[in-house]
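Have a look at the structure below before the remarks.
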Amino acid sequence: MKMSQLVGRRDKNAPKEAQITSHQFLLRGGYARQVSAGLFSLLPLGLRVIQKIEAIVREEMNKVGGQEVLMPVVLPRELWDESGRYDSVGSELLRFKDRAGKDFVLGMTHEEAAVHLARSEIFSYKQLPATLYQIQTKFRDEPRSRGGLVRVREFTMKDAYSFHEKDECLEKTYQEVHEAYERIFQRAGLKNFISVASDAGMMGGGVSHEFMAVTEIGEDSFLVCDDCGYKANREVAKMKYPEYNDESAELTKVATPDTTSIEDVAKFLGVSEDQTCKAVFYTDSEGGLVTLLMRGDLEVCEAKVKAVLSLKDLQMADDELIKKYGMVPGYASATGTDPSKYTLILDDSLKGRKNLVAGANEDGFHKTGFDPARDLNEDDYQWADLTNVPDGSTCVECGSTLKLQRGVEIGNIFQLGKKYSESMNMTYLDQNGKAQIPTMGCYGIGIGRMMACIMEEHNDKFGPIWPESVAPYQVHINILDPKKENALGIGLELYEKCLKAGVEVLVDDRGEKTGFQFSDADLIGLPHRVIISPKNLKQGKVEYRTRASRDSELFDVDQAFESLMVKLGK
RNA sequence: CGGGGUGUAGCGCAGCUUGGCUAGCGCACUAGUCUGGGGGACUAGGGGUCGCAGGUUCAAAUCCUGUCACCCCGACCA
């Protein structure tokens with residue numbers, strides 16, 4: 001490709017809405033343009049990177065037996081009614097009508113479509129297991145897109161669906177895909193990624209893992225134990241609680257004026273925050289009160305609470321509701337109330353604690369000596385894990401220290417089970433001629449997110465440094481001062497030779513000033529660069545550089561192509 | 001959806017407080033000359049409904065009201 005013809009402008013400054021590195025270089029380098037919130041057009045350079053990533057994904061999915069298909073983006077409501085998700089999924093599912101008034105959705109994931117396809121093609125155990133995948137546009141009406149390609153509404157995803165007779169077979173495929181994912185991310189140049197145990201969320205089903213690109217800009221949090229390898233998304237992570245050996249004490253009312261926060265109470269009474277018990281209030285689906293008690297220094301993990309309560313949406317209870325059950329916001333606790341009238345759940349962090357500071361349900365007063373097991377009737381409450389695991393907590397597996405890290409979810413895998421095959425009535429005949437419901441797995445990779453994460457991991461202050469496996473082109477030829485010493489002719493000749501040899505090459509034939517060309521080349525970030533300049537041509541040389549190291553060496557002009565091929569490993 | 005912020009040329013910005021001549025600067029873009037190893041110089045140009053709508057006023061980029069878009073934090077999120 002000739003730079004003089006390449007569509008996509010490079011820019012010295014990033015628009016101010018671009019805050020993170022990958023977003024800035026995406027715009028500055030002419031890879032993508034935003035059309036609206038969460039909607040991007042890809043320019044030629046950006047599309048080439050995406051296609052490189054897709055090619056790697058295809059190869060690896062094919063290797064584990066995947067068969068590529070293509071399902072529609074627009075799906076009829078009926079399919080989503082069959083699975084029940086038309087109603088159960090929230091407003092991130094875009095629903096609309098066609099001219100006849102028929103209901104449709106934009107596919108945000110394709111379990112329904114995959115089962116629809118599979119149930120019309122697979123009738124026998126002899127056809128199982130089977131894995132179908134596609135690389136297709138998804139649309140999710142995210143309430144808030146952000147970070148360039150990190151979180152968008154319309155995006156390209158590789159999604160795969162596997163069908164099995166037995167759970168063991170599903171587990172085997174699951175493991176194979178897990179390994180394929182590791183190869184995919186490695187081949188695409190990502191170094192810093194891990195898979196963590198995760199919450200299945202709206203997908204339903206059992207075992208699932210998320211692949212996280214570990215990066216500061218990540219919006220997901222997870223905990224990692226360097227010693228034993230424990231890794232879990234913050235939404236499912238567990239910790240080992242410290243032994244407190246509290247000394248039992250009588251429940252005693254103390255005056256604690258103007259101390260509605262845990263921090264204030266702890267300070268006022270001269271105890272640490274983990275010696276307090278905090279109450280948090282939500283409403284259940286019928287509008288009833290849910291009271292959660294937990295150690296004062298911990299924070300609620302709403303994902304865990306939702307899982308415990310089997311609720312899709314959580315709403316904080318308002319003060320009126322809390323007061324209705326005899327509790328006083330700011331000084332609330334379960335003591336002195338009737339928990340049989342509302343839902344009371346105690347966080348595991350309170351197990352074995354005998355001497356805590358809790359609210360007295362009276363303005364300006366707390367109680368010391370709170371012992372949940374002693375002071376509450378055990379029929380009135382249940383225990384559960386409700387809180388976020390803080391950085392530095394103790395690993396449940398090995399007792400070592402957990403580290404809290406941030407990451408971007410670039411892939412995930414689920415053992416779905418029969419949730420979709422059953423609800424959508426997919427059956428096959430087993431060896432005994434008996435109808436059976438297959439068990440399923442599903443496996444996703446965010447292609448655009450991968451591109452953003454690769455950029456986040458591979459860049460310097462001048463631009464991205466593409467790994468060879470995903471670079472839009474392999475070679476960048478700069479022609480400095482093209483009119484002298486036949487620089488233009490020699491540069492274009494090298495360019496033509498590369499084209500003939502099937503090497504992906506970009507040549508800067510614009511005659512721009514050196515610095516201008518180099519800055520553009522850095523923003524395009526191709527791994528190999530050849531610089532044709534009159535200065536070196538006079539000595540019969542051309543210069544070769546890599547984008548990453550900036551080390552340079554000289555090639556003889558008449559051996560330039562051959563020397564370059566050596567560098568390319570061809 | 002809650003909190004905060006920003007809308008003036010493709011991008012970055014000034015002007016707005018205190019209304020007033022033709023709306024300005026840098027980069028980018030066009031033509032030309034010079035220049036030629038890290039965004040070079042000079043000359044001459046093109047490009048704007050000042051986000052949109054309404055209002056106040058002799059006069060609005062500037063003041064008022066409304067509205068839309070985008071960004072950031074949170075909520076939410078296979």
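Reminder, nothing fancy here: chain letters follow the sequence lines and each chain counts from 1.
Across residues 18-30 of chain A, A:Gln19 each have a non-hydrogen atom less than 4.0 Å from an atom of RNA chain B (numbered order). Interface residues of residues 35-46 of chain A facing RNA chain B, ordered by number: A:Ser36, A:Ala37; criterion, heavy-atom separation under 4.0 Å.
As judged by a 4.0 angstrom heavy-atom cut-off over every strand, A:Tyr443 is placed among residues making no nucleic acid contact. Contacts of A:Arg33 with the nucleic acid, taken as non-hydrogen atoms under 4.0 Å apart, are absent. In this structure, A:Gly511 reaches the bases: a heavy-atom distance under 4.0 Å links it to at least one base atom across the strands shown. In this structure, A:Gly147 reaches the sugar-phosphate backbone alone: every heavy-atom distance under 4.0 Å involves primed, P, OP1 or OP2 atoms, never a base. Nucleic acid contact for A:Gln34: sugar-phosphate only, since backbone atoms but no base atoms lie under 4.0 Å from a heavy atom of the residue. Within the 4.0 angstrom heavy-atom criterion, base atoms lie near A:Pro143. Counting non-hydrogen atoms under 4.0 angstrom, A:Arg550 reaches a base of the nucleic acid. Contact annotation for A:Asp159: no contact, since no heavy-atom pair falls under 4.0 Å across all strands. Within the nucleic acid shown, A:Leu523 comes within 4.0 Å of at least one base atom, counting heavy atoms only. Using a 4.0 Å heavy-atom distance criterion, A:Asn478 is classed as making no nucleic acid contact.
Distance noted for atom C1' between B:U18 and B:C27: 32 Å (whole Å).
Remark: A:Glu485 engages no residue in a salt bridge (charged side-chain N to carboxylate O under 4.0 Å, His left out) (not counting sequence neighbours). Remark: A:Glu553 engages A:Lys567 in a salt bridge (charged side-chain N to carboxylate O under 4.0 Å, His left out) (not counting sequence neighbours). Here A:Phe211 pairs with A:His178, A:Tyr181, A:Phe185 under the ring-ring contact (aromatic ring centres under 6.0 Å, His included) rule; sequence neighbours left out. A:Asp509 meets the salt bridge (charged side-chain N to carboxylate O under 4.0 Å, His left out) test with no other residue; sequence neighbours excluded.
For the pair A:Leu492/A:Lys2, a side-chain contact is recorded, criterion being any heavy-atom separation below 4.5 Å from C-beta on. Using a 4.5 Å cut-off on side-chain heavy atoms (C-beta onward), A:Arg406 and A:Phe222 make no contact.
The side chain to side chain donor-acceptor pair (under 3.5 Å) analysis of residues 516-539 of chain A, with sequence neighbours excluded, yields the pairs A:Arg10-A:Asp520, A:Glu468-A:His528, A:Asn478-A:Gln517, A:Arg510-A:Asp520, A:Asp522-A:Arg529, A:Asp522-A:Arg550, A:His528-A:Tyr544. Applying the ring-ring contact (aromatic ring centres under 6.0 Å, His included) rule to pairs touching residues 11-35 of chain A yields A:Tyr31-A:Trp466, sequence neighbours excluded.
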Filtered N/O pairs between nucleotides 4-6 of chain B and protein, under 3.5 Å:
{"unit_1": "B:U6", "atom_1": "O2'", "unit_2": "A:Lys16", "atom_2": "NZ", "d": "3.4"}

Kindly give the atom pairs (protein nitrogen or oxygen, nucleotide nitrogen or oxygen) under 3.5 Å for nucleotides 24-31 of chain B.
none

Can you check nucleotides 42-47 of chain B for protein contacts, nitrogen or oxygen pairs under 3.5 Å, and list what you find?
none

Show me, pair by pair, the donor-acceptor contacts under 3.5 angstrom made by side chains of residues 36-46 of chain A, not counting sequence neighbours?
none

